[in-house]
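Lettering of chains follows the sequences in order, A, B, ..., and the numbering in each one begins at 1.
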Number of protein chains: 2
Amino acid sequence: MAFDLSVCFEQLLNVEGGEMAKTGTSSRLVDTVSPRSAGTRRLLVDAAIETLRVDGYAGASARAIAERAGSNQALVFYHFGSVVNLLLAALDAVSSDRLEQYDAAVDKVGSPAELVDVATAIFRQDLDAGYVTVLVEMIAGASSTPGLGAEVAARIGPWFAFAERAIEKSVGGSPLGSVLPAGDVAYGVVALYLGLEMLSHLEGERDRSLALFTHAKQLAGLFEAISGPTPKETP
Amino acid sequence: MAFDLSVCFEQLLNVEGGEMAKTGTSSRLVDTVSPRSAGTRRLLVDAAIETLRVDGYAGASARAIAERAGSNQALVFYHFGSVVNLLLAALDAVSSDRLEQYDAAVDKVGSPAELVDVATAIFRQDLDAGYVTVLVEMIAGASSTPGLGAEVAARIGPWFAFAERAIEKSVGGSPLGSVLPAGDVAYGVVALYLGLEMLSHLEGERDRSLALFTHAKQLAGLFEAISGPTPKETP
DNA sequence: GTCTATACTTGGATAGAC
DNA sequence: GTCTATCCAAGTATAGAC
């Protein structure tokens, strides 16, 4: 067997028929993964996130990432097989981390106004930490790398699903909810989220984006006043 | 007046003391532009647009663009000084072309429902021709190249201005218009537009985006019914 | 103005020592 | 698992022939 690179690679990336990687960081049964290895991978993934955030997709080279990780360029290929796979692992990390946060936050939400409040806080977090930038860079960068598009698309799916759940939960039972399909609205909300992220980064337009949430809050209040006190109370 | 492309080019290369958009070899005052030169530049700009669209920012190299133009790699540097400058020229071309179209289309619009109709047609055009992809790629790519962000931002400005005018025109006089500042709404609309473009490209999600316009049409109709026949009739 | 040739740099990826 | 060294491909940019 000589190198467990193949094994490790299997475990790590779960590559099947396709050319591109499937899962993210650990996966599989983790018996054989040394803590040292895990630590390095972690460092590389974190550095990849930071690099995507700061230097964008085009600037996310193995060398740039490794340097930021205080590590070695060759390790990128040892642990992830290719740069793109590392970037996908980074996207996985961001995605699961954020969705967990979103779920926890929305769990406590009942009314549309509350939903907007929570969304505002979350958006501010995302913006400051640059999480969604990673997503945006991967989507935009996908054009440059054959096969990457499908991988990224698969990782965005859960974002739609989450948005749909959140919308369904807070406005699903209302008259508006029966006119507008939650799925379509969710799609639009995710699109808006991505777009705001892009524009915010382009200049010091952070405040401009946040202003929109203020307006949304007003509209949510208006909406609640019209359609009744709490949408959850009419099962 | 022949081509105002030359004028555009002048502007592009005359950007002040910054590091960006320094002039290349030629291009002084443009009295001396030969038709041959203009033709080549045109070819390169068009190829740059196409390359940004298909291969993204990271794939838009001088070689790739020149090959698509059936031209020579060295000409990129001769005519534009650098690859980024050519990409900015491409963005300029797309931007002015599209805004002209938008203006013409919105000029005939009165009611919100009409605005949505026009926007739908325009969006479908943009999507199929990939115009906005160019914009998206440049915004996302700006992270990788120091100084590019400001240049791109300057070129997006007119898009906000246009959106604001369009919104002001069709809902400005209504009760909703006095609650929601047209500028903020415009910012959100542009963001949504960019986000939908991104997502549409990620998969065959074209229809999903277009569905949103259908819903918007319904809402516009509802809005008109509530706030009166034609917003323009109450000056 | 356009082409070929070339200098120089960066990046992906592998080999092999430790 | 990690590091150094290295190969090779691709990219930017310039020089000089046509």
Side-chain angles (χ1 to χ4, degrees), chain A residues 1-9 11-13 19-21 32-44 47-48 51-52 55-88 141 144-148, chain B residues 6 9 19-28 30 32-44 47-48 51 55-88 141 144-146 148:
Chain A
M1 53 170 69
F3 304 99
D4 49 339
L5 195 156
S6 47
V7 181
C8 169
F9 200 55
Q11 291 180 335
L12 226 91
L13 306 175
E19 344 158 273
M20 199 67 59
T32 48
V33 184
S34 76
R36 191 182 181 192
S37 178
T40 303
R41 282 206 294 268
R42 183 89 227 255
L43 278 175
L44 285 174
T51 307
L52 275 174
D55 299 327
Y57 182 86
S61 69
R63 290 181 151 89
I65 296 171
E67 188 182 13
R68 203 183 293 270
S71 162
N72 191 286
Q73 178 256 54
L75 290 179
V76 168
F77 302 95
Y78 176 76
H79 285 293
F80 297 90
S82 73
V83 176
V84 221
N85 281 342
L86 170 53
L87 297 182
L88 283 172
S144 321
T145 307
L148 183 53
Chain B
S6 49
F9 193 52
E19 347 158 89
M20 195 60 54
K22 280 296 204 181
T23 91
T25 15
S26 70
S27 82
R28 276 259 147 248
V30 206
T32 49
V33 264
S34 73
R36 190 183 180 188
S37 178
T40 302
R41 283 204 294 267
R42 185 84 227 255
L43 279 174
L44 285 174
T51 307
D55 299 327
Y57 183 86
S61 70
R63 288 181 149 89
I65 296 171
E67 187 182 13
R68 203 183 292 271
S71 162
N72 191 285
Q73 178 257 47
L75 290 179
V76 168
F77 303 95
Y78 176 75
H79 285 292
F80 297 91
S82 73
V83 176
V84 223
N85 280 345
L86 169 53
L87 297 182
L88 283 171
S144 322
T145 308
L148 183 53

Just so I know, are the side chains of B:Leu148 and B:Leu88 near enough to count as touching, which here means a heavy-atom distance under 4.5 Å?
yes

With the side chain of B:Ser37 defined as its heavy atoms from C-beta on, choose the nearest nucleotide among C:dT4, D:dG1, C:dG1.
C:dG1

Heavy-atom donor-acceptor pair, A:Arg36 side-chain to D:dG1 base, under 3.5 Å:
no

Nearest-Å distance for atom pair CZ/C1', residues A:Phe80 and D:dT2:
15 Å

I need the single residue from A:Leu86, A:Asn85, A:Val83 that forms a side-chain contact (heavy atoms from CB on, under 4.5 Å) with A:Phe77. Which is it?
A:Val83

Could you give the CZ-to-C1' distance, from A:Arg41 to D:dG1, as a whole number of Å?
11 Å

Sort and list the pairs that fulfil salt bridge (Lys or Arg N to Asp or Glu O under 4.0 Å) and have at least one residue in residues 65-88 of chain B, not counting sequence neighbours.
B:Asp55-B:Arg68

Do A:Leu87 and A:Tyr57 come within less than 4.5 Å of each other through their side chains, counting heavy atoms only?
yes

Just to be sure I understand the rule, does B:Val83 reach a base, reach only the sugar-phosphate, or reach nothing, if contact means heavy atoms closer than 4.0 Å?
sugar-phosphate

Take atom CD1 of A:Ile65 and atom C1' of C:dG11, then tell me their distance rounded to the nearest Å.
12 Å

Between P of D:dA5 and CG of A:Leu75, the distance in whole Å:
15 Å

5' precedence on DNA chain C between B:Gly39 and A:Ser61 (nearest-nucleotide basis):
B:Gly39

Residue whose closest nucleotide on DNA chain C lies nearer the 5' end, A:Ala64 versus B:Gly70:
B:Gly70

What's the CZ-P distance between A:Phe77 and D:dC3, to the nearest Å?
15 Å

Quick one: label A:Ala74 by what it contacts on the DNA or RNA (base, sugar-phosphate, nothing), any heavy atom closer than 4.0 Å.
base

What is the distance, to the nearest angstrom, from the CD atom on B:Gln73 to the P atom on D:dA9?
18 Å

Separation of A:Asp55 atom CG from C:dG11 atom C1', in whole Å?
14 Å

Tell me which nucleotide among D:dA13, D:dC3, D:dG1 gets nearest to the side chain of A:His79.
D:dG1

How many whole angstroms separate atom CZ of A:Arg63 from atom C1' of D:dA5?
11 Å

Does a donor on one side chain and an acceptor on the other come within less than 3.5 Å for B:Ser37 and B:Arg41?
yes

Tell me which nucleotide among D:dA13, D:dG1, C:dG1 gets nearest to the side chain of A:Ser34.
D:dG1

